[in-house]
There are 2 protein chains.
Amino acid sequence: MTEGDDRTWTISEISSEFGVTPRTLRYYEELGLLSPDRSRDNGQRLYSRRDRARLKLVLRGRRFGFSLKDLKELLDLYDTDPTRKEQIRRTLEIGAKRIEEIDEMIRELQVHRQELLDYRDRLVRFLEGKATAEELDLPLDDTE
Amino acid sequence: MTEGDDRTWTISEISSEFGVTPRTLRYYEELGLLSPDRSRDNGQRLYSRRDRARLKLVLRGRRFGFSLKDLKELLDLYDTDPTRKEQIRRTLEIGAKRIEEIDEMIRELQVHRQELLDYRDRLVRFLEGKATAEELDLPLDDTE
DNA sequence: GTTGACCTTTACGTAAACGTAAGGTAGCAT
DNA sequence: ATGCTACCTTACGTTTACGTAAAGGTCAAC
């Protein structure tokens with residue numbers, strides 16, 4: 001059924017592939033974000049496909065300003081015990097909240113993007129002599 | 001021309017309105033992100049409409065994981081000397097890069113959102129007895 | 001058998017973004 | 001003139017997310 005999915009990677013392979021240091025990977029493990037196999041005699045970490053998927057999620061989340069604690073919570077959602085239907089419902093709730101947060105971030109980013117575009121237009125019009133210097137200030141504060 | 005725009009706010013007014021502590025506002029000033037009027041005898045800070053606009057930009061940027069240093073750079077874009085056309089061109093360049101970054105973030109957020117939705121669907125199908133527990137793992141690692 | 005590459009743990013150091021007193025001033029109310 | 005409130009500066013403390021040695025184990029290669 002699941003064949004060939006047992007491939008593993010060493011810490012240096014993972015670290016160079018994902019552009020993070022080994023220290024970072026060990027730190028994430030310390031926080032419970034990753035759990036590479038440690039059952040080898042020599043104590044080496046071996047990362048599975050699952051670890052890679054989790055790491056990807058963490059690195060992406062980090063770029064959005066989520067804390068590692070936030071991301072730990074998120075990863076725990078995926079660790080829901082499938083036999084506990086009540087827990088699954090809880091997971092669904094939290095996931096829904098998460099999606100709302102993401103939607104809000106997307107909206108805010110679009111606002112921010114638009115402001116930058118507007119400012120760019122003002123600069124261009126100024127260069128063309130079609131606008132005065134006074135129009136080159138920050139987007140005005142509209143709350144109130 | 002610009003009338004009634006000279007209204008000012010105290011530090012506690014600003015801090016409670018924007019949900020940050022006075023310490024944060026003083027810290028931002030120390031970093032050059034804000035520059036409230038300090039010309040009063042008693043040394044009090046008085047925040048203008050311009051300071052509010054800059055603060056808003058900072059607080060929003062912070063939610064996207066931008067560092068205060070990043071945001072300082074961004075704010076400096078708006079402080080371009082309008083008489084230096086060469087500097088304006090430079091500003092336009094940096095602004096364009098910024099917009100690309102934002103577009104990339106939006107794309108990534110949408111991917112992230114979609115993954116959460118997919119996972120939600122799997123959970124729901126499981127609750128309905130239409131999926132097995134094995135399907136409830138993380139979205140599979142597809143790089144390779 | 002020793003060199004070198006790669007791994008390990010332990011532990012102290014650090015930059016960013018504030019938090020948190022401590023101690024003093026300005027202005028108004030009683 | 002005394003208290004209260006809001007402001008100020010200075011300065012040390014704290015959390016997060018790692019960086020950076022230091023000291024040592026393992027294993028293939030020469």
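Side chains are part of it too, since the values below use all heavy atoms of this structure and drop only hydrogens, waters and symmetry mates. Every chain is numbered from 1, with letters handed out A, B, ... down the list of sequences.
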Worksheet item: For A:Ser12 and C:dC7, is the shortest distance between a side-chain N/O and OP1 or OP2 below 4.0 Å?
Response: yes

Discussion item. Any base atoms under 4.0 Å from A:Arg26, or only sugar-phosphate, or nothing? Heavy atoms, all strands.
Written reply: base

Item to complete: Using the closest heavy atom to pick a nucleotide of DNA chain D for each, name whichever of A:Asp41 or A:Thr24 lands nearer the 5' end.
Response: A:Thr24

Discussion item. Under 4.0 Å, counting only non-hydrogen atoms across every strand here, what does A:Arg40 touch: a base, just sugar-phosphate, or nothing?
Written reply: nothing

Worksheet item: Closest approach of A:Leu77 and B:Tyr119, non-hydrogen atoms and distance?
Response: O-OH, 3.6 Å

Fill in: Presence of A:Arg45 side-chain N/O under 4.0 Å of C:dT8 phosphate oxygens OP1/OP2
yes

Fill in: Under 4.0 angstrom between B:Thr21 side-chain N/O and C:dG19 OP1 or OP2
yes

Discussion item. Walk me through whether B:Asp79 and B:Arg50 qualify under salt bridge (charged side-chain N to carboxylate O under 4.0 Å, His left out).
Written reply: CA-CA 12 Å; B:Asp79 288 335; B:Arg50 181 162 184 273; 2.8 Å; yes

Worksheet item: Where each residue is assigned the nucleotide of DNA chain C containing its nearest heavy atom, which of B:Ser67 and B:Asn42 is assigned the position nearer the 5′ end?
Response: B:Ser67

Discussion item. Side chain of B:Thr10 only, heavy atoms from C-beta on: which candidate in C:dC18, C:dC7, D:dC7 is closest?
Written reply: D:dC7

Discussion item. When you compare the side chains of A:Ser15 and A:Ser12, does any donor N or O come within less than 3.5 Å of an acceptor on the partner?
Written reply: no

Discussion item. What is the separation between atom NZ on B:Lys72 and atom C1' on C:dA15, rounded to the nearest whole Å?
Written reply: 19 Å

Worksheet item: Do the side chain of A:Arg120 and the main chain of B:Leu92 share a donor and acceptor less than 3.5 angstrom apart?
Response: no

Item to complete: Could you check if a side-chain atom of A:Leu74 sits within less than 4.5 angstrom of a side-chain atom of B:His112, using non-hydrogen atoms only?
Response: yes

Practice prompt. Compare the minimum distances between each of C:dC7, D:dC7, D:dA17 and the side chain of A:Leu68, then state the nucleotide with the smallest one.
Written response: D:dA17

Fill in: Any residue meeting side-chain hydrogen bond (donor to acceptor under 3.5 Å, both in side chains) with B:Ser35, in chain and number order, not counting sequence neighbours
none

Worksheet item: In whole Å, what is the span from the CD1 atom of A:Ile11 to the C1' atom of C:dT8?
Response: 9 Å

Discussion item. Any side-chain N or O of B:Arg23 below 4.0 angstrom from OP1/OP2 of C:dA21?
Written reply: no

Response to the item:
Whole-Å distance, A:Phe66 CZ to D:dT16 P, equals 17 Å

Item to complete: Determine, for B:Phe66 and B:Arg98, whether the Lys NZ or Arg CZ falls below 6.0 Å from the six-membered ring centre while staying within 45 degrees of the axis.
Response: yes

Worksheet item: Which of residues 27-38 of chain A have a heavy atom under 4.0 Å from DNA chain D?
Response: A:Tyr27, A:Tyr28

Worksheet item: For A:Trp9 and C:dC7, what is the distance between atoms CH2 and P respectively, to the nearest whole Å?
Response: 15 Å

Worksheet item: Taking atom C1' of D:dC8 as reference, at what distance in whole Å does atom CG of B:Leu46 sit?
Response: 13 Å

